[in-house]
Number of protein chains: 2
Amino acid sequence: MSDLLERLRGRGWRMTAQRRVVAEVLAGDHVHLTADEVHARAVAKLPEISRATVYNTLGELVTLGEVLEVSTDKRAKRYDPNAHRPHHHLVCAQCGSIRDVHPTGNPMADLPDSERFGFTVSDVEVTYRGVCPNCAKA
Amino acid sequence: MSDLLERLRGRGWRMTAQRRVVAEVLAGDHVHLTADEVHARAVAKLPEISRATVYNTLGELVTLGEVLEVSTDKRAKRYDPNAHRPHHHLVCAQCGSIRDVHPTGNPMADLPDSERFGFTVSDVEVTYRGVCPNCAKA
DNA sequence: AGATTGACTTAGACAAAGTCCAGTGTAGGG
DNA sequence: CCCTACACTGGACTTTGTCTAAGTCAATCT
Ligand SMILES: [Mn+2]
Ligand SMILES: [Mn+2]
Ligand SMILES: [Zn+2]
Ligand SMILES: [Zn+2]
């Protein structure tokens, strides 16, 4: 995720300890943390970081297209650093765990003109729901 | 929507003025109101109805499968009375208006076993995003 | 019809998620 | 090493949703 920091520097971002820490927390695969989870993990690395800064930084990253907002459950938004490979989500209805998935086919092509109501459709988001192996055996 | 009231009576519900008003507010096609919008419209018909009752009633309708919860934006949940014909949603990214759509094909079949991570997948939710004709011409 | 009763409703306190702002601190260019 | 525009902080505030104690009333019974 240090290439992210490079890109941000290239965009004229001031490199602060807070922004570095938020970027660190977001590293990895299948990462879909809430803002408060990001804050909690950031505090572990930099105790004085404030909630407002975490919200600001996440919001900026979303605006720049470096992070996606996902709302799989009906509670807090989740922040997804996997913004450069298009994908969808598979969510456990019981424990809420989330995996990135790459379905075949193009759901966009499945929406006929007669069902578009004059909209210019630009994007589609697919959420699969089920029970994860862990919850299934319990 | 009076068949809804019938079904509720059949399930042993007490028929109160509040529940009747909430059912009335939910009548129609392409209706996807937030709880507060339902409350505002209910108050117009029955001024003393409380927020708690609207939330309770909506929750009960969801539990009974008579109304669906939808979260197309990342803000408040929306309540969808079209629970008996499966469908997906087309959302205007600018004004937030929502239409029910019926895509062809079955997105569930597009998720190969290798992308299921051992989950038992039971449901899929598709949200199309774009710009509605109204916002396009402005 | 009148009495009864438990389901229903209410107002308001509370909680969680997110926004906003005034004051303070600091990254990075000169 | 100074400056200053940008960034950060803490706390107040808003929105969305939940909970509870006390009061009300729909449906049933007599
Ligand atoms: Mn993802
Ligand atoms: Mn709908
Ligand atoms: Zn699970
Ligand atoms: Zn629109």
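The sequence lines fix the lettering, A, B, ..., with proteins before strands; numbering per chain opens at 1.
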Between atom [atom1] in [X] and atom [atom2] in [N], what is the gap in whole Å?
| X | N | atom1 | atom2 | answer |
| --- | --- | --- | --- | --- |
| A:H39 | C:dT19 | NE2 | C1' | 15 Å |
| A:L58 | C:dA17 | CG | P | 14 Å |
| B:M15 | D:dT28 | CE | P | 12 Å |
| A:R20 | D:dA7 | CZ | P | 14 Å |
| B:L5 | D:dA26 | CG | C1' | 15 Å |
| B:L46 | C:dT10 | CG | C1' | 12 Å |
| A:E37 | C:dA16 | CD | P | 14 Å |
| A:R78 | C:dG18 | CZ | C1' | 15 Å |

Practice problem: Please work out whether the ring planes of B:H30 and A:F117 are parallel, tilted or perpendicular, with thresholds of 30° and 60°. | Solution: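 Judged by the thresholds at 30° and 60°, the geometry between B:H30 and A:F117 is perpendicular.
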Quiz item: What nucleic acid atoms does B:A52 come within less than 4.0 Å of, heavy atoms only: base, sugar-phosphate, or nothing?
Solution: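 Base contact - B:A52 has a heavy atom under 4.0 Å of at least one base atom.
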Quiz item: When we call it a touch if two heavy atoms are under 4.0 Å apart, what does B:R19 touch: a base, just sugar-phosphate, or nothing?
Solution: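 Touches sugar-phosphate only.
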Can you tell me if [X] touches the phosphate of [N], counting only side-chain N or O atoms and a distance under 4.0 Å to OP1 or OP2?
| X | N | answer |
| --- | --- | --- |
| B:Y55 | D:dG17 | yes |
| A:T16 | D:dC8 | yes |
| A:Q18 | C:dT26 | no |

Quiz item: Between A:K77 and B:E48, which is nearer to the 5' end of DNA chain C once each is assigned its nearest nucleotide?
Solution: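 It is B:E48 whose nearest nucleotide is closer to the 5' end.
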Quiz prompt | Presence of donor-acceptor pair under 3.5 Å, side chain of B:R14 and base of C:dC8 | solution =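 Flag unset: no donor-acceptor pair detected.
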Quiz item: What about A:R75: does its side chain form a donor-acceptor pair under 3.5 Å with the base of C:dA17?
Solution: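 Between C:dA17 and A:R75, which were checked side chain against base, a qualifying N/O pair under 3.5 Å is absent.
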Quiz item: More than 12 foreign heavy atoms under 6.0 Å from CG of A:N106: is that the case here?
Solution: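 Check passes, neighbour count above 12.
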If only atom types and distance count, is the side chain of [X] paired as donor or acceptor with the main-chain N or O of [Y] below 3.5 Å?
| X | Y | answer |
| --- | --- | --- |
| A:E115 | B:P103 | no |
| B:H32 | B:D100 | no |
| A:Y79 | A:V62 | no |

Quiz item: Any idea which of C:dT9, C:dA17, C:dG18 is nearest the B:N56 side chain?
Solution: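 For the B:N56 side chain, the nearest candidate turns out to be C:dT9.
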Quiz prompt | Candidates C:dT9, C:dG25, C:dA13 - which lies nearest the side chain of B:R51 | solution =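 Taking heavy atoms from C-beta onward, the closest nucleotide is C:dA13.
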Quiz prompt | Closest-nucleotide 5' rank along DNA chain D - winner of B:A35 and A:W13 | solution =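 With A:W13 and B:A35 compared, the 5'-side residue is A:W13.
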